[in-house]
Participant: 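There's a structure below that I have some questions on.
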2 protein chains.
Amino acid sequence: MEKQMGKKIVMIGAGNVATHLSAALIKSGNPIIQVFSRSRNSARKLAENLSASWTIQMSEITDRGDLYILAVSDDILPEIAAKLKLQNKLLVHTSGSIGLDVFKESSEYYGVIYPVQTFSKEREIDFSNVPIFVEGNNEASEKSLIELCEKISGSVLKMDSTDRMYLHAAAVFACNFTNHLYHIASEILRKRNLPFELLVPLIHETANKIKSVHPAMAQTGPAIRNDQIVIKKHLDLLSFSPGTSELYQKLSQSIYSLSTNA
Amino acid sequence: MEKQMGKKIVMIGAGNVATHLSAALIKSGNPIIQVFSRSRNSARKLAENLSASWTIQMSEITDRGDLYILAVSDDILPEIAAKLKLQNKLLVHTSGSIGLDVFKESSEYYGVIYPVQTFSKEREIDFSNVPIFVEGNNEASEKSLIELCEKISGSVLKMDSTDRMYLHAAAVFACNFTNHLYHIASEILRKRNLPFELLVPLIHETANKIKSVHPAMAQTGPAIRNDQIVIKKHLDLLSFSPGTSELYQKLSQSIYSLSTNA
């Protein structure tokens with residue numbers, strides 16, 4: 001049986017998403033032939049790990065790729081997309097909040113692959129469990145992207161740019177803001193030299209509970225009971241950090257008002 | 001080998017903590033002999049499950065118990081504690097934010113057992129993984145409580161009332177507020193008829209990450225990058241809920257300021 005040739009991929013970006021996505025793509029038989037990053041160190045480091053060439057000059061981006069993946073931050077994505085002119089190549093980005101049409105002057109074939117996961121360089125990710133949301137500008141682009149993504153993930157779904165932006169905003173709450181609450185919790189414990197590890201079973205149960213109980217039904221604690229005595233004690237205790245204290249108040253109000261409006 | 005007799009326990013309260021704690025105590029050989037709750041239905045329901053008697057009258061609380069556990073909400077705990085006069089009995093409560101001395105007129109022996117976990121009636125909890133923080137008013141009380149708690153949990157630690165209140169405030173961030181962010185995320189998805197399940201792998205990875213990366217190092221997303229373009233898009237999208245939009249802003253500011261002060 002002849003092995004199907006993978007796509008030759010040019011990775012534009014060398015951050016967390018680029019790193020994890022590259023590893024998953026190579027594992028599935030799709031070689032990264034070149035890495036571009038504006039940072040020399042990042043470009044070289046990722047390229048060396050992937051046995052790819054690298055460049056920090058956009059003019060040196062190779063035209064021998066089949067697929068160009070822009071895994072860069074949203075603030076530079078439009079500028080980089082506008083500079084790429086690769087008419088017969090497939091161009092995609094990985095951003096939750098940027099539309100498909102950022103590529104409309106760059107090629108005839110373009111799309112988005114948005115993996116909904118949090119990536120840190122220190123931590124391996126099993127990409128087969130990462131949901132990937134795909135959008136293409138036409139059937140050919142979409143088919144090609146779905147085929148590719150299905151090689152790295154068991155959960156590939158089509159999604160348009162508007163839905164994707166809502167999904168991204170929801171993910172910011174469920175992941176970025178949640179991690180920040182963990183961070184605040186660790187700061188509160190640090191005031192008494194208590195280790196963050198004390199909260200690990202609680203954090204895991206809170207996250208695991210959503211498999212069997214919807215968060216609307218799972219809410220516990222002083223705010224949902226409107227227990228003003230405890231709330232007042234906590235606010236006094238948090239006076240060391242006015243920002244934290246304000247967040248406590250706003251989140252408690254939000255819990256109570258969402259529960260009474262439901 | 002003679003089996004050691006368990007303690008005879010009177011459970012005061014019939015909510016989530018009382019329910020789960022009672023089940024764990026019975027499993028470890030400590031019978032619940034009576035349940036008190038101000039709600040007839042709650043008292044009867046829990047008592048029937050535990051094969052215990054029940055009452056809704058404080059005057060009918062039996063004096064045949066060895067240990068009286070007040071697993072009631074903080075707003076009624078002081079009132080109930082003040083009414084109990086059981087001089088030679090061991091009295092404890094399960095509250096994070098109420099001190100030991102709420103019992104000082106009630107008995108010579110008293111303490112606190114504070115299980116750091118989120119309990120819902122719908123969901124079973126393996127108590128052996130629940131950290132329990134114990135405080136006693138004297139050595140005899142403390143020793144007795146530690147021995148009991150070590151029968152139901154592999155993680156029993158001594159902790160005084162001040163530390164416990166900090167731990168409780170931290171737990172509110174790590175659990176109650178976190179669950180509320182999951183709820184908000186589900187509301188955002190609902191605007192586009194997208195299922196909450198799309199976020200489950202992300203939520204689990206965010207929680208699991210803390211085992212290997214401290215939350216201070218794990219932060220990702222638009223706020224830590226100070227990506228004002230994405231933040232602006234999300235705030236526009238969230239205009240359907242001014243409260244949610246305000247929370248997005250406050251949490252983003254808090255992430256950025258905690259990262260720049262670090």
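Numbers restart at 1 for each chain; the letters A, B, ... are given by sequence-line order, proteins then strands.
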Participant: Are A/Arg123 and B/Asn208 side-chain neighbours, meaning at least one heavy-atom pair lies under 4.5 Å?
Facilitator: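 In short, these two side chains touch, coming nearer than 4.5 Å.
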Participant: Looking at A/Leu247, A/Thr162, A/Leu237, which has the largest count of heavy-atom pairs under 4.5 Å with chain B?
Facilitator: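 Ranked by heavy-atom pairs under 4.5 Å with chain B, first place is A/Leu237.
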Participant: Do A/Val172 and B/Pro222 come within less than 4.5 Å of each other through their side chains, counting heavy atoms only?
Facilitator: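 SC-SC contact between A/Val172 and B/Pro222 confirmed.
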Participant: Would B/Tyr248 and A/Phe177 count as a ring pair (Phe, Tyr, Trp, His ring centres under 6.0 Å) if you check the C-alpha gap in whole Å, the side-chain angles of each, and the deciding distance to 0.1 Å?
Facilitator: CA-CA 8 Å; B/Tyr248 187 102; A/Phe177 291 166; 5.1 Å; yes
Participant: Measure the spacing between NE2 of A/His183 and CG of B/Leu258 and express it to the nearest 0.5 Å.
Facilitator: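 If I round to the nearest 0.5 Å, the distance is 4.0 Å.
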Participant: How about B/Asn176 and A/Thr220: does a side-chain donor come under 3.5 Å of a side-chain acceptor?
Facilitator: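 A pair is found: one side chain offers a donor N or O, the other an acceptor, under 3.5 Å apart.
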Participant: Hey, does B/Ile210 have a side-chain heavy atom less than 4.5 Å from the side chain of A/Tyr182?
Facilitator: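 A/Tyr182 reaches B/Ile210 side chain to side chain.
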Participant: I'd like to know which of A/Gly243, A/Ala216, A/Ser186 tops the heavy-atom pair count under 4.5 Å against chain B.
Facilitator: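 Answer, by heavy-atom pair count under 4.5 Å with chain B: A/Ala216.
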Participant: Name the region of A/Thr118, side chain, backbone, both or neither, that has any atom closer than 4.5 Å to a heavy atom of chain B.
Facilitator: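 When you check distances to chain B, atoms from both the backbone and side chain of A/Thr118 fall under 4.5 Å.
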Participant: Can you list the residues that meet the salt bridge (charged side-chain N to carboxylate O under 4.0 Å, His left out) rule with A/Glu79, with sequence neighbours excluded?
Facilitator: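 For A/Glu79 the salt bridge (charged side-chain N to carboxylate O under 4.0 Å, His left out) partners, ignoring immediate neighbours, are A/Lys83.
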Participant: Name, in order of residue number, those residues of residues 191-201 of chain A that have a heavy atom at a distance of less than 4.5 Å from a heavy atom in chain B; otherwise write 'none'.
Facilitator: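 A/Lys191, A/Arg192, A/Leu194, A/Phe196, A/Leu198, A/Leu199, A/Val200, A/Pro201, listed by number.
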Participant: Pick one of side chain, backbone, both or neither for A/Ser252, based on which atoms fall under 4.5 Å of a heavy atom in chain B.
Facilitator: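 Contact with chain B is through both the backbone and side chain of A/Ser252.
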Participant: Among all residues two or more places apart in sequence or in another chain, which pass the side chain to side chain contact (heavy atoms under 4.5 Å, CB included) test with A/Lys45?
Facilitator: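 By the side chain to side chain contact (heavy atoms under 4.5 Å, CB included) rule, A/Lys45 matches no residue at all.
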Participant: Can you tell me how far the CG atom of B/Asp74 sits from the CD atom of A/Gln228, to the nearest 0.5 Å?
Facilitator: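 With rounding to 0.5 Å, CG (B/Asp74) is 12.5 Å from CD (A/Gln228).
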Participant: Pick whichever of A/Glu205, A/Lys250, A/Glu246, A/Lys211 has the most heavy-atom pairs under 4.5 Å with chain B.
Facilitator: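 Sorted descending by pairs with chain B, the first entry is A/Glu205.
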Participant: Is it the side chain or the backbone of B/Ile125 that comes within 4.5 Å of chain A heavy atoms, both, or neither?
Facilitator: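 Only the side chain of B/Ile125 comes within 4.5 Å of chain A.
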Participant: Any side-chain heavy-atom pair from A/Leu167 and B/Ile188 closer than 4.5 angstrom?
Facilitator: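 Result no, sub-4.5 Å side-chain heavy-atom pair not found.
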Participant: What part of B/Asp227 gets closer than 4.5 Å to chain A, counting heavy atoms only: side chain, backbone, both or neither?
Facilitator: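 B/Asp227 touches chain A through side-chain heavy atoms alone.
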Participant: Answer with side chain, backbone, both or neither: which region of A/His168 has an atom nearer than 4.5 Å to a non-hydrogen atom of chain B?
Facilitator: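 Contact with chain B: backbone and side chain both.
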Participant: Between B/His214, B/Gln253, B/Lys121, which shows the greatest number of heavy-atom pairs under 4.5 Å with chain A?
Facilitator: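 The option with the most such pairs is B/His214.
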Participant: Are B/Leu238 and A/Phe173 packed together at the side-chain level, in the sense that at least one heavy-atom pair is separated by less than 4.5 angstrom?
Facilitator: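 B/Leu238 reaches A/Phe173 side chain to side chain.
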Participant: I want to check something: taking the side chain as every heavy atom from C-beta on, are A/Glu122 and B/Ser212 in contact at a cut-off of under 4.5 Å?
Facilitator: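 A/Glu122 vs B/Ser212: side chains apart.
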Participant: Minimum heavy-atom separation for B/Arg225 and A/Ser73, please, with both atom names.
Facilitator: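 Distance-wise, the nearest heavy atoms are NE-CB, 4.0 Å.
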Participant: Looking at chain A, which one of B/Lys209, B/Met217, B/Glu187, B/Met165 has the largest number of heavy-atom pairs inside 4.5 Å, strictly under?
Facilitator: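 If we count pairs closer than 4.5 Å to chain A, B/Lys209 comes out on top.
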Participant: I'd like to know whether CZ of B/Arg38 has more than 12 heavy-atom contacts from other residues, nucleotides or ligands below 6.0 angstrom.
Facilitator: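 Open.
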Participant: Tell me, for B/Val116 versus chain A, whether the close heavy atoms (under 4.5 Å) come from the side chain, the backbone, both or neither.
Facilitator: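 When you check distances to chain A, atoms from both the backbone and side chain of B/Val116 fall under 4.5 Å.
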Participant: Does A/Glu124, at its CD atom, have more than 12 non-hydrogen atoms belonging to other residues, nucleotides or ligands within less than 6.0 Å?
Facilitator: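 At most 12 heavy atoms, drawn from other residues, nucleotides or ligands, come within 6.0 Å of this atom.
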Participant: Can you confirm whether A/Leu181 sits close enough to B/Thr178 that some side-chain heavy atom of one is under 4.5 Å from a side-chain heavy atom of the other?
Facilitator: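 Sidechains of B/Thr178 and A/Leu181: in contact.
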Participant: Does A/His180 have any ring pair (Phe, Tyr, Trp, His ring centres under 6.0 Å) partners at least two apart in sequence or in another chain, and if so, which?
Facilitator: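 A/His180 satisfies ring pair (Phe, Tyr, Trp, His ring centres under 6.0 Å) with no residue once adjacent residues are dropped.
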Participant: Going from CD1 on A/Ile203 to SG on B/Cys175, what distance comes out if it is rounded to the nearest 0.5 angstrom?
Facilitator: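 Answer for the CD1-SG pair, A/Ile203 versus B/Cys175, is 9.0 Å.
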Participant: With a 4.5 angstrom heavy-atom cut-off, could you sort out which part of A/Phe133 is near chain B: side chain, backbone, both or neither?
Facilitator: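 The answer is the side chain of A/Phe133.
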Participant: Given a strict heavy-atom distance threshold of 4.5 Å, which part of A/Thr244 is in contact with chain B: side chain, backbone, both, or neither?
Facilitator: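 Both the backbone and the side chain of A/Thr244 come within 4.5 Å of chain B.
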Participant: Is the closest side-chain heavy-atom distance between A/Ile184 and B/Ser254 below 4.5 Å?
Facilitator: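 In short, these two side chains touch, coming nearer than 4.5 Å.
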Participant: Restricting to non-hydrogen atoms, name the atom on B/Ala185 and the atom on A/Ala170 that form the minimum distance, rounded to 0.1 Å.
Facilitator: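 Taking every non-hydrogen atom into account, CB-O, 3.4 Å.
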Participant: Please state whether the side chain, the backbone, both or neither of A/Asn179 comes within less than 4.5 Å of a heavy atom of chain B.
Facilitator: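 Both parts, backbone and side chain.
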